[in-house]
Protein chains: 2
Amino acid sequence: MVSDTRRKLLDGAIASLRDNGIAGVSARVIAAAAGVNQALIFYHFGSVSELIDAACREAAAGQVAAYRPRFEAVSSLRELLVLGQELHARQREAGNVAVLAQVLAGAPYDSRLAGAARSALLLWAGEIESTLQRLLDGTPVAEVADVVALARVVTAAFIGIELYEGADPDSAAAAFAALGQLSVLVEVFDELGPVARRAVRSRIRRARGSARPRRSAPA
Amino acid sequence: MVSDTRRKLLDGAIASLRDNGIAGVSARVIAAAAGVNQALIFYHFGSVSELIDAACREAAAGQVAAYRPRFEAVSSLRELLVLGQELHARQREAGNVAVLAQVLAGAPYDSRLAGAARSALLLWAGEIESTLQRLLDGTPVAEVADVVALARVVTAAFIGIELYEGADPDSAAAAFAALGQLSVLVEVFDELGPVARRAVRSRIRRARGSARPRRSAPA
DNA sequence: GTCTATAGAGGGATAGAC
DNA sequence: GTCTATCCCTCTATAGAC
């Protein structure tokens, strides 16, 4: 059972990150958002970075768990996209993806943040990965695409769009629309069935000669 | 002609953003990197945000101009990807994409940074857009994809991968590999020619009924 | 245009009373 | 566990000498 103050601080950290950005968070800002004394951050978590680390891990785990049934209900790429758009829209209220983007921006300069970011990315990418695995299994696309890696591009693109949104909301909307178009393309491709499969196989044979071989799924 | 001090400050701002992140830059840090007195930032630019704004716009314009011939020489999606990977690798030295990611992270909380980020994104996305336009013109993919929007997803994905790299370098490499696989898919698709075209057209007709209509290119 | 010095706010972190 | 008070540092920005 997490004590009341710890709870408030974890929530306050996420709220501050969302409202002030990684450049605007501080012990005082977080404590004010949490409604507790500033010194308690150091008593309970040791430092601001450690608090953010804990808050980010917890929030990501909770969010991913909450969306798991939704991911499991998805039965096509376009449904996955719709889920992504909903997730993006909900960010206005909860802001968890925006928070992740902020932590990610700070990661290269703070090892605690890096750990938190890695943990959150793994959770989200894992969820996307198992969904893609299920959707693409046995399709021609699966022959050419490494699903693990694909899940990571999708995750990266999602975060990129989130950041894009902060600077240029209209363009971000257009980017989402384009993702939808790409998913249509993949679906059409899969509907081509054997024709596509043959073309893919012959292309891969050709590519093997000149390009580096396709990597197997990393750990 | 940009004065010597202004020049040093513009360079120092980019270097500091790259080395310290948006959360770690300050007038003192930038002045130290530039090797000039801290007070000169305010004399020449008015504020730290305004300096970053100017530096970011200038750097983006310079980088895009420098890469323009390379973009123009690209003749396939996979070549475009190779160019992207090279650009990504060069970031270890110049760090301009990482800088853009940092500015982007700060954009929602600072209108100056937002302007700088918008400007840089427009430049990069524009370059990618005209390249894609050239590569995809007349292909089946062009029938389903809005090139303007597509360029923005690619830009967003690129930035997302850059951030991903800061937290989890191995995964970022995997993400790049997946982009390569997607470009193979698109190429195979285009090689299918009339078959793909017919499938796309019929799919679009079906989609028009249930989904919202495809948007025309925004301004 | 460049410097020193400094005002005044806010930062992380700790000591010690309760 | 929580509080106040505080140390000492860094921050932006400006004033004023040169």
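Note: hydrogens, waters and symmetry copies are ignored here, and every other heavy atom, side chains too, is used. Note on naming: letters A, B, ... go to the chains in the order of the sequence lines (proteins, then strands), and numbering restarts at 1 for each one.
- Between A:Glu72 and A:Arg134 there is no salt bridge, since no side-chain N of the basic residue sits under 4.0 Å from a carboxylate O of the acidic one.
- Across the protein-nucleic acid pair, A:Phe45 atom CZ and D:dG1 atom C1' stand 13 Å apart, rounded to whole Å.
- Atom CG of A:Asn37 is separated from atom C1' of C:dG12 by 14 Å (rounded to the nearest Å).
- Whole-Å rounding puts the B:Phe42 CZ to D:dC11 P distance at 11 Å.
- Taking the centre and axis of the six-membered ring of B:Phe45, the NZ or CZ atom of B:Arg6 falls inside the cone set by 45° and 6.0 Å.
- A close approach under 4.0 Å does not occur between any side-chain nitrogen or oxygen of A:Ser26 and OP1 or OP2 of C:dG10.
- Residue A:Ala39 places its side chain closer to C:dT14 than to any other of C:dA13, C:dT14, D:dT2.
- Defined by atom type and a distance below 3.5 Å, a donor-acceptor pair is present between the side-chain atoms of A:Ser47 and A:Glu50.
- Atom pair A:Tyr43:OH and D:dG1:P shows a separation of 4 Å (rounding to whole Å applied).
- The CD1 atom of B:Ile41 sits 16 Å away from the P atom of D:dT10 (whole-angstrom rounding).
- Following rounding to the nearest Å, A:Glu50 (CD) and C:dG12 (P) show an atom-to-atom distance of 14 Å.
- Rounded to whole Å, the distance from CD on B:Gln38 to P on D:dC11 is 9 Å.
- No side-chain donor-acceptor contact under 3.5 Å links B:Thr139 to the backbone of B:Leu135.
- Listed nucleotides D:dT6, D:dC3, D:dT14 differ in distance to A:Leu40; the shortest reach to its side chain belongs to D:dC3.
- Here C:dA13 is the nucleotide among C:dA13, D:dA13, D:dT2 with the atom lying nearest to any side-chain atom of A:Ser47.
- Contacts of A:Val36 with the nucleic acid, taken as non-hydrogen atoms under 4.0 Å apart, are absent.
- Across every non-hydrogen atom of B:Arg112 and B:Asp53, the tightest pair is O-CG, 3.8 Å.
- Note on B:Thr5: a side-chain N or O is less than 4.0 Å away from OP1 or OP2 of C:dT2.
- Spacing between atom CZ of A:Arg28 and atom C1' of C:dG11 amounts to 6 Å, rounded to whole angstrom units.
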